[in-house]
Amino acid sequence: MDKYLKQVMPDLTDIKNPGRDSRSLVVQFSDDQASVTLPFGDLSDGEKCFVICALVLAAKHAYGPLLCFWDEPDNYLAPSEVGHFVLALRKAFQSGGQFIATSHNSEAIRRFSDENTLVLFRRSHLEPTMVRPLSEIQVSGDLVGALVRDDLEP
């Protein structure tokens, strides 16, 4: 799993469960000069996302094709980290399995092609959600710009 930890967090070196329940998880960070071990619960929400990403990548490698549906995996990440994070997940699933993500984040949206993007839309809470492939929707210019301006016509 070390290879997958390094892909998402270079100083993340180990994850252990020294107890019998999931609340006992500890995460170790280290470099050439120092090391620190922290309870999983003490990590920031963004750091927890990176650890979960590493576990998903390791599970994909260990068990083969799997389905990963992640609602807004980029929610707690810094803008500079989103692109690398999403690309690591997409690349891992190119060899099999299915990675499905929802996002409102412009950097995450840009990391998917029009053919791999679905737009979910509803006019109000009283109407059903419509799902359309982005490739079937007229977009003038940049997709993210069109989303910001509410220029998409589903």
Val86 with Ile52, same ILVMFWY side-chain cluster at under 4.5 Å =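 Val86 clusters together with Ile52.
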Partners of [X] by side-chain contact (heavy atoms from CB on, under 4.5 Å), sequence neighbours excluded?
X	answer
Asp42	Pro39
Ala146	Val139, Arg149, Asp151, Leu152
Pro133	Leu118, Ser135, Glu136
Gln33	Asp31

request  = Establish, yes or no, whether the cationic atom of Lys48 lies under 6.0 Å from the six-membered ring centre of Phe40 and within 45° of the ring axis.
outcome  =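 Relative to the ring axis of Phe40, which defines the angle, Lys48 lies inside both limits.
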Residues in side-chain hydrogen bond (donor to acceptor under 3.5 Å, both in side chains) with [X], at least two apart?
X	value
Ser44	Glu47
Asn116	Ser113
Thr37	none
Thr102	Asp71

If I take atom [atom1] from residue [X] and atom [atom2] from residue [Y], how far apart are they, to the nearest 0.5 angstrom?
X	Y	atom1	atom2	result
His104	Glu72	NE2	CD	5.5 Å
Leu134	Glu115	CG	CD	8.5 Å
Thr117	Ile109	OG1	CD1	8.0 Å
Leu55	Cys68	CG	SG	11.0 Å
Leu89	Phe99	CG	CZ	4.5 Å
Leu38	Leu25	CG	CG	12.5 Å

Ring-ring centroid check Trp70 Phe85, cutoff 6.0 Å =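 Here the rings of Phe85 and Trp70 have centres that are less than 6.0 Å from each other.
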query = Which of these passes side-chain contact (heavy atoms from CB on, under 4.5 Å) with Cys53: Leu57, Val56, Val51?
reply =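 Exactly one pass, corresponding to Leu57.
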request  = Quick one: do Asp74 and Glu107 satisfy side chain to side chain contact (heavy atoms under 4.5 Å, CB included)? Show the steps, please.
outcome  = CA-CA 9 Å; Asp74 47 38; Glu107 284 305 309; over 6 Å; no
Of all pairs that satisfy side-chain hydrogen bond (donor to acceptor under 3.5 Å, both in side chains), the ones with a partner from residues 86-98, not counting sequence neighbours =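 Of all non-adjacent pairs touching residues 86-98, those that pass side-chain hydrogen bond (donor to acceptor under 3.5 Å, both in side chains) are Lys60-Ser95.
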Salt bridge (Lys or Arg N to Asp or Glu O under 4.0 Å) against Lys16, all qualifying residues, sequence neighbours excluded =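 Salt bridge (Lys or Arg N to Asp or Glu O under 4.0 Å) check on Lys16 returns Asp14.
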ask   = Under the salt bridge (Lys or Arg N to Asp or Glu O under 4.0 Å) test, which residues partner Glu81, sequence neighbours left out?
value =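 Glu81: no salt bridge (Lys or Arg N to Asp or Glu O under 4.0 Å) contacts found.
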key: Gln28 vs Val36 side-chain heavy atoms within contact, under 4.5 Å   =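 With C-beta onward as the side chain, the pair stays apart.
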request  = Carefully, step by step, assess Cys49 and Leu77 under the rule side chain to side chain contact (heavy atoms under 4.5 Å, CB included).
outcome  = CA-CA 8 Å; Cys49 286; Leu77 304 181; 4.1 Å; yes
query = Should side-chain heavy atoms under 4.5 Å link Ile, Leu, Val, Met, Phe, Trp and Tyr, which residues sit in the same cluster as Phe69?
reply =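 Besides Phe69, the cluster holds Leu67, Ile100.
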